[in-house]
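Taking it in order: structure first as structure tokens, then the write-up.
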Amino acid sequence: MKKLVAANWKMNGEGSWSTKPAALASLLGDNMPENVQVLFCPPAVYLDRIATEAGKFGMNAGAQNCHASASGAFTGEISAQMAADCGADYVICGHSERRALFGETDAVVRAKADAVIAAGLSAIICVGETLAYRESGEAEATVEMQLKGSIPTTSTALNTVIAYEPVWAIGTGKTATLDDIEQMHGHIRKVYGQLLGDKSAGKLRIQYGGSVKPANAKEILSAKGVDGALVGGASLKMEDFAKIILAG
Ligand code: 13P
């Protein structure tokens, strides 16, 4: 099971960034770790060209979001199948920014993940507690509720990745302690096992996200139960992203 180190560019980038996979490949050179799978999730309008470029170097591409429906009158949206047509292998579902800024509920996230899986892609389902829930000791309960509401019955360890991203760690420079990360990843695996069986849970990849940087990547990616990282800010500069991949 390779670690999945993913770049979530959010709403950043421009057409000229299609050279980034090549730039990353040249930074990695012969040192690309065998046990790491690299994924670029650019804004949807760049997905096609990033997927083409990433594919040249054995890297994958994914969308940051999609609509749950296959087609229809949903101005401005894209379907999972459209992402697949552009070369995506993954779609991020229920990122905390989508949940907080675009009102995505667990039910919406589940419907999107279901659509992603139906299109033959893998869903990266994001969960994570706010600071208020962390401080009130309800982090695990919050994440458990999100998992139970967001994971579709069609999920398997092959078509699903869970990304644990504590909301308070995103873009803040704060990271959860290793103990907290390991404990939460263990909890996520346990809950996934309750939902879809322990055998599946054993193979499930669980990424950590939230201020992953070159300086902390090694310890985070080596932590128990951490099968990759979902990287925001530090994935915009290939020098930084390469260092994170090399830590994998
Ligand atoms: P940062 O790495 O910028 O904290 O963002 C994390 C994130 O939201 C990735 O999806």
Side-chain angles (χ1 to χ4, degrees), residues 2-14 17 19-29 31-43 46 50 54 57 59-62 64 90 92 94-101 124-131 134-135 139 143 161-186 188 205-248:
K2 287 190 177 194
K3 295 199 174 179
L4 181 62
V5 178
N8 175 9
W9 283 355
K10 308 192 179 183
M11 200 173 75
N12 295 293
E14 52 187 65
W17 283 30
T19 57
K20 297 234 176 204
L24 179 66
S26 112
L27 284 163
L28 293 169
N31 298 322
M32 172 72 198
E34 296 234 322
N35 63 328
V36 174
Q37 182 184 348
V38 177
L39 172 66
F40 284 95
C41 298
Y46 302 128
I50 291 290
F57 305 99
M59 302 171 186
N60 295 93
Q64 298 174 11
Y90 293 81
I92 300 172
H95 188 279
S96 73
E97 286 148 18
R98 303 256 5 134
R99 290 176 184 265
L101 304 172
I124 300 179
I125 301 175
C126 301
V127 294
E129 80 286 357
T130 59
L131 188 57
R134 165 67 54 187
E135 286 179 341
V143 167
V161 175
I162 303 294
Y164 170 53
E165 299 202 305
V167 177
W168 49 271
I170 295 177
T172 58
K174 293 180 190 161
T175 45
T177 65
L178 284 189
D179 276 354
D180 286 345
I181 294 174
E182 289 184 351
Q183 193 165 329
M184 187 61 90
H185 280 228
I188 290 170
R205 287 192 289 184
I206 307 175
Q207 295 176 303
Y208 172 80
S211 297
V212 176
K213 309 279 179 213
N216 60 22
K218 183 97 206 158
E219 57 173 13
I220 290 174
L221 285 168
S222 314
K224 189 164 176 278
V226 174
D227 309 301
L230 188 51
V231 187
S235 75
L236 303 178
K237 284 198 191 130
M238 290 308 103
E239 290 77 10
D240 288 346
F241 194 41
K243 285 180 189 151
I244 293 171
I245 292 162
L246 291 170

When the side chains of residues 222-235 are checked against the rest of the protein, which donor-acceptor pairs come out under 3.5 Å, sequence neighbours left out?
| unit_1 | atom_1 | unit_2 | atom_2 | d |
| --- | --- | --- | --- | --- |
| S222 | OG | K218 | O | 2.5 |
| D227 | OD2 | R189 | NH2 | 2.8 |
| D227 | OD2 | I206 | N | 2.9 |
| S235 | OG | V231 | O | 3.2 |
| S235 | OG | G232 | O | 2.7 |

(Q) Before you tell me yes or no, could you show the steps for E97 and I170 under side chain to side chain contact (heavy atoms under 4.5 Å, CB included), namely the whole-Å CA-CA distance, both residues' side-chain angles and the distance that decides it to 0.1 Å? (A) CA-CA 10 Å; E97 286 148 18; I170 295 177; 3.7 Å; yes

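- At distances below 3.5 Å, not a single donor-acceptor pair connects side-chain atoms of S211 with backbone N or O atoms of T175.
- Residues passing the ring-ring contact (aromatic ring centres under 6.0 Å, His included) test with W9, sequence neighbours excluded: W17, F40.
- Here the CD atom belonging to E165 is positioned 12.5 Å from the CE atom belonging to M184, to the nearest 0.5 angstrom.
- Contact check for F57 versus L24: no side-chain heavy atoms found under the 4.5 Å cut-off.
- Side-chain atoms of Q207 come within 3.5 Å of backbone atoms of L4 as a donor-acceptor pair (strictly under, hydrogens ignored).
- Contacts of K243 classified as side chain to side chain donor-acceptor pair (under 3.5 Å), with partners at least two apart in sequence or in another chain: none.
- Between the CG atom in L246 and the CZ atom in F241 there is a gap of 11.0 Å [rounded to 0.5 Å].
- To the nearest 0.5 Å, atoms CD (Q37) and CE (M32) are separated by 8.5 Å.
- Side-chain contact between I124 and L39 is present, with at least one heavy-atom pair separated by less than 4.5 Å.
- Listed by chain and number, the residues in a side chain to side chain donor-acceptor pair (under 3.5 Å) with D180 are T177 (sequence neighbours excluded).
- Of the options H95, K10, Q64, a side-chain contact (heavy atoms from CB on, under 4.5 Å) to C41 is made by Q64 and by none of the others.
- For E219, there are no side chain to side chain donor-acceptor pair (under 3.5 Å) partners two or more places apart in sequence or in a different chain.
- The salt bridge (Lys or Arg N to Asp or Glu O under 4.0 Å) search around E129 returns R134, not counting sequence neighbours.
- Ring-plane geometry between H185 and Y208 is classed as tilted, the angle between the planes lying from 30 to 60 degrees on a 0 to 90 degree scale.
- To the nearest 0.5 Å, the span separating CG on L221 from CG on N216 amounts to 9.0 Å.
- Without hydrogens or angle criteria, R205 side chain to K2 main chain gives a donor-acceptor distance under 3.5 Å.
- Distance check: I162 CD1 to C126 SG gives 9.0 Å after rounding to the nearest 0.5 Å.
- The heavy-atom pair separating V127 from V143 by the smallest distance is CG2-CG1, 3.8 Å.
- Note that the CG atom of L28 and the CD1 atom of I245 stand 5.0 Å from one another [nearest 0.5 Å].
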